[in-house]
Protein chains: 2
Amino acid sequence: MTEPQWKSALYVLRGQIVSGELLGGTKLRASHLADKMGISRTPISEALIKLEGEGLLVRDKSGFTVRSFALEEVYDAIDLRGLLEGAAVKKAAQRGISDTDFQRLNQRLAELDRVIADGQVGEYDQLNHDFHVYLTALSDSDILIAEVQRAYRFPFAGPSAFPTLAADSKRFRTSLLIGQQHHQHIVEAIYTRDGARAFALMLEHARLAHDNVSIASSAREFTPQLALVKQSR
Amino acid sequence: MTEPQWKSALYVLRGQIVSGELLGGTKLRASHLADKMGISRTPISEALIKLEGEGLLVRDKSGFTVRSFALEEVYDAIDLRGLLEGAAVKKAAQRGISDTDFQRLNQRLAELDRVIADGQVGEYDQLNHDFHVYLTALSDSDILIAEVQRAYRFPFAGPSAFPTLAADSKRFRTSLLIGQQHHQHIVEAIYTRDGARAFALMLEHARLAHDNVSIASSAREFTPQLALVKQSR
DNA sequence: TCCGGCTAATTTGCATGCAAAGCCATTCAG
DNA sequence: CTGAATGGCTTTGCATGCAAATTAGCCGGA
């Protein structure tokens, strides 16, 4: 573990926040966290500052607090992710991609098909995430890539934010199929250099996640991550 | 000055970076900066971490370095700003704005008209910036507002990034007029709830800034901010 | 001249001390 | 009983010490 302490602290804290282990509104005290994690306050502070920059914490007069999101903001975050990913695939389409990239994409599509058919939810989640990353990278724009990554960090905004819903819901399984359809069409649009179509499809693709949020919302007690989201009357 | 020291350090450093006073590739040493600014290394570090989060610095194995941008990345940053502002005005349009907001917008448009006619470039810059902030705020989405603000920080991506070009160039003055035309149409589109039109116009509006960059590029020696931009071939 | 490796000088990451500021709870006036 | 003031406790912001790591300078060999 030659990893700096502020980085591990960052990972731990970010994990606790997005997993709902730390409720929105919780005050994070550097000194307390420091001895709970057995390190000094300096690396903890670095982590807290970074998390503030990511929008997961707010810093008021004295100290950091876990931000809580209104349901509306969750939808906004999802749309933001779609918008940025959409811009990325549009750019990729306009630029044109190589045949090898096209083949790799199709290979990944096939793998996704397989795990969907087999109902391997955990596998799907990982592959889906990687697929989105790969798509974004095709934009060849460091700035876009970085901003998309950033957008993934908002709660529920990542391309694979609902592992727990998993097998249960029929609606959820349907949305996987529709999503996969989107994936295929997006690849097609990129390959045929139809940037506008790729963009539009990606917006729509992200919108699918809205449904997942409302499914999760209606089964709130089974979705610990929702602790971050302000209960609206 | 009850302002924390890390904040003033942040402002100073950010200013020096985006103004081109610090060249891309410059290594920033906390200890050195600390005694140059007469404070300790702790607040300097906070500022550096924040600047890394803003994308203006990169942190390698040991230490922070001023990022340098390829010309292509400058265009990407401008487009990103347009994309986010576009999403904001689209949302504002779909939501609909109040008559008072509409009146305030028109009032601002009139002020902009006036300073353009009078050639008060400094005034224009400030008003233009405020106008863009106001438009963005109409989205009523904290997340979008924050991300737009963030996008402004990239070099040349802000809505008023070229004070120095100012009076000189005829092309620049023309672009002001076209930009103002965009402003008017965007307000119109928002008021008539035509989200798609508002979005498209905002993308196009940001694209105007591309021209400004190339104008500046061709007069590189008069544009110190360009020091951040990697000289291509 | 160019290059590899050695030592010395910085510089970073982390720990910790300390003053000032914020927060809490109790007390006291109305 | 409500609300403001007070005092103590906690926590932050900043400074600084220190070991480990990185960089820079220097020298000798090809």
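Note on naming: letters A, B, ... go to the chains in the order of the sequence lines (proteins, then strands), and numbering restarts at 1 for each one. Quick note: numbers below take in every heavy atom, side chains included, and nothing from hydrogens, waters or symmetry partners.
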A.B. asks: Would you say that A:Val66 contacts A:Leu56 through its side chain, given a criterion of any heavy-atom pair below 4.5 Å between the two side chains?
C.D. replies: no

A.B. asks: Could you check whether A:Gln126 and A:Asp130, counting side-chain N and O atoms only, form a donor-acceptor pair closer than 3.5 Å?
C.D. replies: yes

A.B. asks: So which one's nearest nucleotide on DNA chain D is more toward 5', A:Lys61 or B:Arg29?
C.D. replies: A:Lys61

A.B. asks: May I ask you to decide whether A:Lys91 forms a salt bridge with B:Asp76, counting only side-chain N to carboxylate O separations under 4.0 Å?
C.D. replies: yes

A.B. asks: Heavy atoms within less than 4.0 Å of DNA chain D: which residues of residues 37-51 of chain B have one? Give them sorted by number.
C.D. replies: B:Ile39, B:Ser40, B:Arg41, B:Thr42, B:Pro43

A.B. asks: Could you tell me if B:Thr100 and B:Ser98 have a donor-acceptor pair between their side chains, going purely by distance under 3.5 Å?
C.D. replies: yes

A.B. asks: For B:Glu54 and B:Arg14: C-alpha separation, side-chain torsions, deciding distance, then whether salt bridge (Lys or Arg N to Asp or Glu O under 4.0 Å) applies.
C.D. replies: CA-CA 10 Å; B:Glu54 292 176 11; B:Arg14 185 156 57 209; 2.4 Å; yes

A.B. asks: Can any side-chain N or O of A:Arg81 pair as donor or acceptor with the backbone N or O of A:Ala157 at less than 3.5 Å?
C.D. replies: yes

A.B. asks: Are there more than 12 heavy atoms of other residues, nucleotides or ligands under 6.0 Å from atom CZ of A:Arg95?
C.D. replies: yes

A.B. asks: Do B:Tyr152 and B:His132 have ring centroids that are under 6.0 Å from one another?
C.D. replies: no

A.B. asks: Rounding to a whole Å, what distance do you find between A:Trp6:CH2 and C:dT12:P?
C.D. replies: 14 Å

A.B. asks: With nearest nucleotide decided by heavy atoms, which residue, A:Lys7 or A:Lys27, maps closer to the 5′ end of DNA chain C?
C.D. replies: A:Lys7

A.B. asks: Of A:Asp60 and B:Gly63, whose nearest nucleotide on DNA chain C comes first from the 5' end?
C.D. replies: B:Gly63

A.B. asks: What's the NE2-C1' distance between B:His32 and C:dT11, to the nearest Å?
C.D. replies: 12 Å

A.B. asks: Just the endpoints, please: which first and last nucleotides of DNA chain D, 5' to 3', lie under 4.0 Å from a heavy atom of chain A?
C.D. replies: D:dT11 to D:dC14

